[in-house]
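Every number for a ligand or one of its atoms is a count from 1 in the order of the listing. Computation of the quantities below employed the complete heavy-atom set of this structure, encompassing side-chain atoms and omitting hydrogens, waters and symmetry-equivalent molecules.
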Amino acid sequence: MSAVRRVSVFGATGSIGENTVDLIARAPEAYNVVALTGGRNVARLAEQAKVLNADLAVTAFEECYADLAAHLEGSGIEVAAGQAAIADAADRPTDWAMSAIVGAAGLVPGLRTLRHGGILALANKESLVTAGPYLLAEAKRHGATILPVDSEHSAVFQALVGEDSAAVERVIITASGGAFRDWPLERLSEATLAEACSHPNWDMGQRITIDSASLFNKAMELIETKEFFGFTSDQIETVIHPESLIHALVGFRDGALMAHLGPHDMRHAIGYALHWPERGHVPVDRLDLAAIGSLNFRTADPERYPALTLARYVMETGGLSGAAFNAAKEAALDAFIGGKIGFLDMARLVETVLERLAGDNSLKCDKLTLDRVLDMDHVARKIAQTIVDGDRLRQSGAS
Ligand code: NDP
Ligand code: MG
């Protein structure tokens with residue numbers, strides 16, 4: 001790829017963002033960095049903007065504006081703040097953009113970049129979970145390409161290159177099993193925040209690390225697989241693979257199973273999306289299979305991981321259930337981080353919110369629109385919040 005590419009990174013100061021910036025910084029002559037966005041870590045955002053000579057740096061929080069401006073004074077780099085400023089940054093034309101803001105806040109900036117008809121490298125899981133059909137329709141409408149960055153979906157994408165998707169029988173998404181995979185079931189209710197924040201294999205942001213312990217992260221990935229590739233819930237399986245070296249497998253009707261292996265380094269999937277359709281050099285460790293010796297697999301027990309059962313419900317229900325699921329999951333995670341609910345209460349809370357909305361017939365929706373998704377996000381968060389505030393999760397006997 002010879003022409004200089006215009007790129008933006010949304011969520012540049014996060015775990016995925018840092019890895020993306022690292023790859024771009026290795027070949028500065030190849031990129032014109034249009035915008036970098038971050039949240040509260042403005043010192044790091046300013047540093048990245050200077051190293052990459054970005055046109056614009058945006059913090060999501062208006063109260064952080066002065067601090068960011070002070071860090072960038074005299075650099076010639078434009079500064080802005082607030083969610084609207086992030087969406088405006090997404091309106092600046094790019095050939096390639098990374099969507100790596102955490103949470104539902106990543107949806108709108110990702111959607112806005114699609115209008116340029118370029119490539120959206122999608123790490124933000126919430127975009128597909130909450131608004132998959134709408135996101136894909138928008139990409140089609142604008143002639144844009146979405147490339148998955150989550151390692152499992154990048155693996156499936158790579159295994160499908162040159163294949164007829166009609167010949168796919170099943171897709172197997174692997175799961176590490178998270179921090180508590182070897183804990184006795186009865187101990188799980190006592191799991192603390194600190195314990196949930198340590199991942200056995202991957203170094204990631206706090207929220208996704210906790211989601212990995214509860215397998216809500218895997219639940220999101222199953223829903224993403226359905227939305228992005230169009231497979232049915234029946235075709236999508238998951239298996240616990242403690243080494244996390246096989247990211248996903250695709251099984252074809254002739255019985256062949258294609259596995260994608262790679263080290264625990266997100267630059268692998270980010271690099272694939274950055275260089276696609278070519279394969280560029282990516283500075284990740286090469287796997288030494290003889291040193292690894294063996295790979296293990298075990299069944300994902302639904303009793304231990306109720307989030308997986310909820311994912312099946314969402315895949316089969318469709319409509320606004322993904323938006324409700326994600327919002328309730330984010331609220332549950334906030335409540336767990338805030339010490340208001342226990343580890344196992346997170347799944348109970350999400351289930352209670354989904355049940356309530358299904359009871360009102362509110363999850364049905366023939367045609368997703370951004371407004372409907374954002375409304376449902378708001379409603380589901382509010383229900384979850386009310387339950388947490390009133391401690392009704394326990395009182396209702398749901399626990
Ligand atoms: P991090 O928490 O490490 O980073 C999140 C980024 O978003 C940071 O730049 C943060 O800024 C910014 N941010 C936080 N809150 C807001 C907000 N309200 N509005 C705008 N920006 C905000 O997350 P990860 O990098 O781990 O994950 C990012 C996304 O990618 C998530 O959706 C995650 O599920 C997905 N993902 C992550 C993987 C990983 O390996 N980490 C793998 C696959 C997918 P600041 O830090 O400055 O406050
Ligand atoms: Mg993943």
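The shortest heavy-atom distance from Met266 to ligand 1 is under 4.0 Å. For the ligand labelled ligand 1, residue Ala100 lies inside the 4.0 Å heavy-atom shell.
The heavy atom nearest to atom 34 (O) of ligand 1, out of those in His264, Arg44, Lys125, is found in Lys125. Between the choices Asn217, Val102, Leu36, the shortest heavy-atom distance to atom 14 (C) of ligand 1 belongs to Val102.
Between the Mg ion (ligand 2) and the N, O or S atoms of Glu152, the shortest distance is to OE1. Taking the Mg ion (ligand 2) as reference, Asp150 places its N/O/S atom OD1 nearest. The nearest N/O/S atom of Glu221 to the Mg ion (ligand 2) is OE2.
In summary, the side chains of Asn201 and Ser244 do present a donor paired with an acceptor at a separation below 3.5 Å, with no hydrogens or angles considered. Checked by atom type, the side-chain pair Gln158/Ser154 shows a donor-acceptor distance below 3.5 Å. Side-chain atoms of Asn326 and Lys125 include no donor-acceptor pair closer than 3.5 Å. For Ser127 and Asn124, the side-chain atoms include at least one donor-acceptor pair closer than 3.5 Å. For the residue pair Thr94 and Arg6, no side-chain donor N or O sits within less than 3.5 Å of a side-chain acceptor on the partner. Counted by atom type alone, Glu73 and His71 present zero donor-acceptor pairs between their side chains at under 3.5 Å.
Checked against Ile270 for a side-chain contact (heavy atoms from CB on, under 4.5 Å), the options Ile16, Val21, Val282 give a single hit: Ile16.
Of the heavy atoms in Glu126, only side-chain atoms (C-beta onward) come closer than 4.0 Å to ligand 1. The parts of Ile16 lying near ligand 1 are both backbone and side chain, judged by heavy-atom distances below 4.0 Å. Contact annotation for Gln83 and ligand 1: only side-chain heavy atoms (C-beta onward) come within less than 4.0 Å of the ligand. In Ala60, the part holding a heavy atom less than 4.0 Å from any atom of ligand 1 is the side chain.
Ring orientation note: the planes of Phe180 and Phe343 are nearly perpendicular, at an angle over 60° on the 30°/60° scale.
In terms of protein heavy-atom proximity, atom 46 (O) of ligand 1 is closest to Thr13 OG1, 3.4 Å.
Here's the thing with Gly205: one of its N/O atoms is less than 3.5 angstrom from an N/O atom of ligand 1. Between Gly39 and ligand 1, an N or O atom pair is found at a separation short of 3.5 Å.
Separation of the His268 and His260 ring centroids falls under the 6.0 Å cut-off.
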